[in-house]
Amino acid sequence: MSKKWFVLAMVMVMATTLLTGCLSSDKKPAAKPDAAKTETAGKKVIRISIGLNEVHPEYLGLKKFKEEIDKKLPGKYDIQLYANAQLGDDVKTTEAARMGNLEMTGPSSSPLTGIVKELGVFDLPFLFPNTTVAYTVMDGPAGQKLLDLMEAKGLKGLAYWENGFRHLTNSAHEVKTPEDVKGLKIRVMQNPIHLATWKALGANPTPMPFSELFTAMQQKTVDGQENPIPTIYLSKYNEVQKYVTLTGHVYTPHILIISKKVWDGMPKEDQKVFQDAAYVARDYVRKISKEMNDSQTAKLKEAGMTVTVLTPEQQKAFQDAVKSVYAEYTDKIGKDTVESIVAEVKKASAKK
Ligand code: KDG
């Protein structure tokens with residue numbers, strides 16, 4: 001073969017190699033967020049994703065949870081914490097856990113009612129009168145029964161952590177009565193009972209993932225939202241909201257969830273360590289949430305927000321305005337579940 005033909009052939013071979021290489025790299029599937037390494041240096045990877053930021057009680061609870069696991073099972077698990085919805089919002093991370101593509105997550109119970117409708121009982125307005133009753137009922141047999149229902153859906157609910165009593169913020173005007181709520185565009189969680197509650201109050205509610213909320217308020221796509229004080233303060237909502245009314249219209253828990261596929265693959269003794277760690281961290285989250293509720297309401301005022309404390313008569317007007325939601329949703333949630341939880345609330349409320 002002449003030199004000229006040899007050079008031409010070599011160029012052709014190199015060009016083909018390069019082209020094939022590019023195509024094959026294009027053909028490689030993009031690294032999916034859920035395709036994590038299952039092991040790092042011999043440790044099993046457990047990724048836990050939440051929507052809140054690294055200063056929120058829920059994230060501080062995850063650090064406590066990790067500490068407990070590392071203490072009791074040293075060198076066995078690589079617990080990786082992800083805040084700010086890095087691996088997706090509550091609905092996405094819960095679905096990923098169901099499929100076994102994500103090991104753990106800690107959503108609010110509210111967006112899970114599409115998976116376990118009975119969890120909707122926690123969204124009934126003014127169900128719990130205070131945190132003591134909420135903890136007694138959630139941590140008791142009736143609450144455990146709701147966590148057990150999650151297992152058939154591919155999710156192991158380990159414990160109810162504190163999201164908290166929710167309060168209304170808005171950028172339009174002070175709110176003291178349901179009349180003041182009329183026409184306000186309020187972001188709600190992706191949950192039909194929250195939608196019905198704010199419609200009953202005369203608002204114009206919009207379901208939206210938590211991760212989109214700050215921008216929506218900044219751009220005035222919504223006038224307001226409702227969340228517990230630590231979320232309001234630690235997410236800096238005072239920068240985009242002028243008014244907070246301490247409605248306390250519902251108490252929602254976070255649920256610390258582990259994929260049932262991951263859970264079933266764990267030795268029994270490890271399952272017990274994870275379960276005990278979930279309880280230790282739960283109690284820690286509840287403690288620091290209470291401290292933050294007490295201190296951060298004042299900090300919101302110092303940051304320039306108008307903080308409205310409702311009189312008992314004013315709060316009753318809100319309770320009366322949303323009573324219809326119970327009738328509308330009892331059957332949809334499950335009559336037995338609602339009656340059982342309401343009975344436990346009455347029992348716990350009667351205790352001195
Ligand atoms: O991912 C954030 C949720 O878990 C929850 O904390 C936020 O209550 C919430 C809301 O309003 O979506």
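Ligands are counted one by one from 1 in listed order, and the atoms in each one are counted from 1 as well.
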What are the distances between nitrogen or oxygen atoms of ligand 1 and protein nitrogen or oxygen atoms, counting only those under 3.5 Å?
| residue | atom | partner | partner atom | Å |
| --- | --- | --- | --- | --- |
| ligand 1 | 1 (O) | Gly51 | N | 3.3 |
| ligand 1 | 1 (O) | Asp90 | OD1 | 2.6 |
| ligand 1 | 1 (O) | Asp90 | OD2 | 3.4 |
| ligand 1 | 4 (O) | Asp90 | OD1 | 3.3 |
| ligand 1 | 4 (O) | Asp90 | OD2 | 2.9 |
| ligand 1 | 4 (O) | Ser108 | N | 3.3 |
| ligand 1 | 4 (O) | His254 | NE2 | 3.4 |
| ligand 1 | 6 (O) | His254 | NE2 | 2.7 |
| ligand 1 | 8 (O) | Asn163 | ND2 | 3.0 |
| ligand 1 | 8 (O) | Arg166 | NH1 | 2.9 |
| ligand 1 | 8 (O) | Arg166 | NH2 | 3.4 |
| ligand 1 | 8 (O) | Asn227 | OD1 | 3.2 |
| ligand 1 | 11 (O) | Arg166 | NH2 | 2.8 |
| ligand 1 | 11 (O) | Arg187 | NH1 | 2.7 |
| ligand 1 | 11 (O) | Asn227 | OD1 | 3.4 |
| ligand 1 | 11 (O) | Asn227 | ND2 | 2.9 |
| ligand 1 | 12 (O) | Arg187 | NH2 | 2.9 |

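Every residue two or more places apart in sequence or in another chain that forms a salt bridge (charged side-chain N to carboxylate O under 4.0 Å, His left out) with Lys76 is listed here: Asp270.
Between the side chain of His173 and the backbone N or O of Asp180 there is at least one donor-acceptor pair closer than 3.5 Å.
Aromatic ring centres of Phe165 and Phe128: separated by at least 6.0 Å. For an aromatic pair to be called close, the ring centres must be under 6.0 Å apart, and Phe318 with Phe126 fails this.
Annotation: cation-pi geometry satisfied between Lys332 and Tyr329 (NZ/CZ under 6.0 angstrom from ring centroid, within 45° of ring axis).
Tyr237 and Phe214 have tilted rings, their planes meeting at an angle from 30° to 60° on a 0 to 90° scale.
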